[in-house]
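These numbers come from the heavy atoms of this one structure, side chains and all, not from hydrogens, waters or symmetry mates. Proteins get letters first, then strands, A, B, ... in listed order; numbering begins at 1 in each.
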Protein chains: 2
Amino acid sequence: MKTTINEIARIARVAKSTVSKALNGHKGVSEEKRQYILELAKKLNYEPSATAQALASNRTGSIGLLIPHEAAYSLSGAYWSAMITAIAQTATRHNYSLLILTTPHEGEISAPINTVIRRRNVDGLIIGAEQIDAAATSRLIEEEIPFVFIGRNSWIHHYAVDVDNLGGSERLVSHMIEQGYRKIGCLGGPPQYLYTQERVQGYQRALQKAGITWQAMYYTEYKSEETRRVLGEMLQDHPDMDALCVTAGGDLLLDCIDVLRLAGIHLKRFGLGAFDDYRFFDYLDIPVCTVRQPIDRLGELAASMLFSLLHHRKPPVMQQVLDVELILR
Amino acid sequence: MKTTINEIARIARVAKSTVSKALNGHKGVSEEKRQYILELAKKLNYEPSATAQALASNRTGSIGLLIPHEAAYSLSGAYWSAMITAIAQTATRHNYSLLILTTPHEGEISAPINTVIRRRNVDGLIIGAEQIDAAATSRLIEEEIPFVFIGRNSWIHHYAVDVDNLGGSERLVSHMIEQGYRKIGCLGGPPQYLYTQERVQGYQRALQKAGITWQAMYYTEYKSEETRRVLGEMLQDHPDMDALCVTAGGDLLLDCIDVLRLAGIHLKRFGLGAFDDYRFFDYLDIPVCTVRQPIDRLGELAASMLFSLLHHRKPPVMQQVLDVELILR
DNA sequence: CTGAAAGCGCTTACAG
DNA sequence: CTGAAAGCGCTTACAG
């Protein structure tokens, strides 16, 4: 039924080890035999068994992507979907498969990591830098399972792809200043995330360069209730605020719009800037200026970097930082 | 380093076949030995090698999900992301992994199907009913690779999970009629898709029940340009249309809004209904009434159904149809 | 260059 | 119930 290496060896009257070498481009086979074997393999429509190769060579031929719980939500879903597609396509080009790993509950990173370590069902991992903790990171390193971060960490310098958070944020806020806003507040995501810190820095740098001293900095962990409470306080403390820069997009921004509307703020005259771009911002009656990340490129690069590691080639750089695009509205 | 079945056999002073039987709950082992072996396995932190099991038992322990090219786009991305999460979590619960398969180019279904057939890297597949053609379907059946559809087909009766498209659409349009609209047009997706046909039927049935004879039915293949052209014609042919029902959501609806706005239509008084719900509709200055699909349940059920097939159990029903929810705005 | 052999870690008849 | 053996389809030293 299915063509195996044995079948080819039998027909070609050579040892299966010879077939294996020929097929894998290893040396130790005469060019003549190699050609013959390759043709035969093609004629017989031979495809190696992924499973057998995996067992014999101790590599699975697949990589894993750990996706966070929130990927199931509408807006961050768009991000993850693009990421998954980009990574899957890159993997296919490299003859690898992409395995999706999820956490059973929010933030429970250890379950999927343990499974991967014990079952050895992937050769390497791609992980969001914010998703993982130091303990899980150490275990992966100990077990010698290669991995690449999407985004960076403040507590470990590791292979990663990231975007220019600081620059993007600075350009965003500078643009808002150009538009005439002078009292721009900033609502940051979780302060322990490196990207939050960088985006906040960008905000501050833009203000500084423009010589603006007015500043208002608040943080939220992305929980809807907390966001509403914090932004409410922010508006009370700074009733003169005329614009808001949010260090993330999606649902966080929608929550903010709710609060601003409830507070009776005239949003057409209020400046709004955010990270991550969504087409539907074009349809709001509020102009939202955003920073767009090149999600496809991020995924592609993360995968390529991981494949370099899997082939024991050092990636050209340890941390690749991509430019972002300012979307004016 | 890694505990194997041989290790356990050695320590327990039994044959590895006995260990295998004990671990897998097969009969032919005394209860005493089974208990001892199970404890030993736990103590040694034993986890079977996914690869070795796969090779020996001729099953891979993973299922594949074929995602379409458009999953990379923002709005349908939200749908696929939720779907992936639901399926991945169900797979994990069943001790399976989820592999993501993508098409290299739009609509090229055969490449991933061929790979799966030849490499045997999944035990079964979940596929969107619209993604696949008759040829690919036959090949999967010939090769005895079990698969389950998300949505249904008009050309093959197969295991599938779906939503009540007709009922949802009928309720949507009935609600629009209750709101006072009398000249409701319908813009359908690709007419060859079963769900388009069903949703169009629902539209027609609602009109009929209300005794409304005014009707306008147009179709688009979801390409942005085509949608704009078709809706433009629709408005020209029926300048008295006071509402529009769109048989899909996401980008298609946004394209429609563009056209309606350009045509100078006062959208607060124009009725708009669509399939698939997105939180951001709450933020439009246009009330969009939608039909929400239970994406999580769909994914979960599709996976469960596939696992039934993999274990040679007949799923309770061949085609499971879920209710939808009307979101009023 | 070439091939016989061992081995990857399991499962599964089969004989005792 | 128990275990020795063959086998899944490859890869990889090793000897010739």
Side chain A:T51, main chain B:L55, donor-acceptor under 3.5 Å: no
Protein-nucleotide distance (B:K16, atom NZ; D:dG3, atom C1'), rounded to Å: 11 Å
Whichever of B:A52 and B:H26 has its nearest DNA chain C nucleotide further upstream toward 5': B:A52
Interatomic distance, B:E31 CD vs D:dT2 P [rounded to whole Å]: 11 Å
Presence of B:Y46 side-chain N/O under 4.0 Å of C:dC10 phosphate oxygens OP1/OP2: yes
Most 5' of A:T4 and B:V29 on DNA chain D, judged by nearest nucleotide: B:V29
Donor-acceptor contact present, side-chain B:R34 to main-chain B:H26, <3.5 Å: yes
Partner nucleotide, any strand, of D:dA4 [Watson-Crick/G-U, under 3.5 Å]: none
5' precedence on DNA chain D between B:R13 and A:N6 (nearest-nucleotide basis): B:R13
Check: A:S17 side chain, C:dA5 base, donor-acceptor under 3.5 Å: no
N/O (side chain, B:K33) to phosphate O (OP1/OP2, D:dT2) under 4.0 Å: yes
Atom-pair distance (CG on A:N58; P on D:dT11), nearest Å: 13 Å
Electrostatic pair A:E300-A:R297, nearest N-O below 4.0 angstrom: yes
Nearest-Å distance for atom pair CD1/P, residues B:I8 and D:dT2: 17 Å
Integer-rounded Å distance: C:dG9 C1' and B:L23 CG: 12 Å
Nearest-Å distance for atom pair NZ/C1', residues B:K21 and D:dT2: 6 Å
d(CG, A:L55; P, D:dT12) in whole Å: 12 Å
Donor on one side chain, acceptor on other, B:D123 and B:T60, under 3.5 Å: yes
Residue-phosphate contact under 4.0 Å: A:N24 side-chain N/O, D:dT11 OP1/OP2: yes
Side-chain N,O (B:S20) to OP1/OP2 (C:dC10) below 4.0 Å: no
Salt-bridge contact B:R139-B:E142 (side-chain N to carboxylate O under 4.0 Å): no
Rounded distance in Å - NZ (B:K27) to P (C:dA13): 13 Å
Under 4.0 angstrom between A:S30 side-chain N/O and C:dT2 OP1 or OP2: yes
Phosphate contact (C:dT11 OP1 or OP2) by B:Q53 side-chain N/O below 4.0 Å: yes
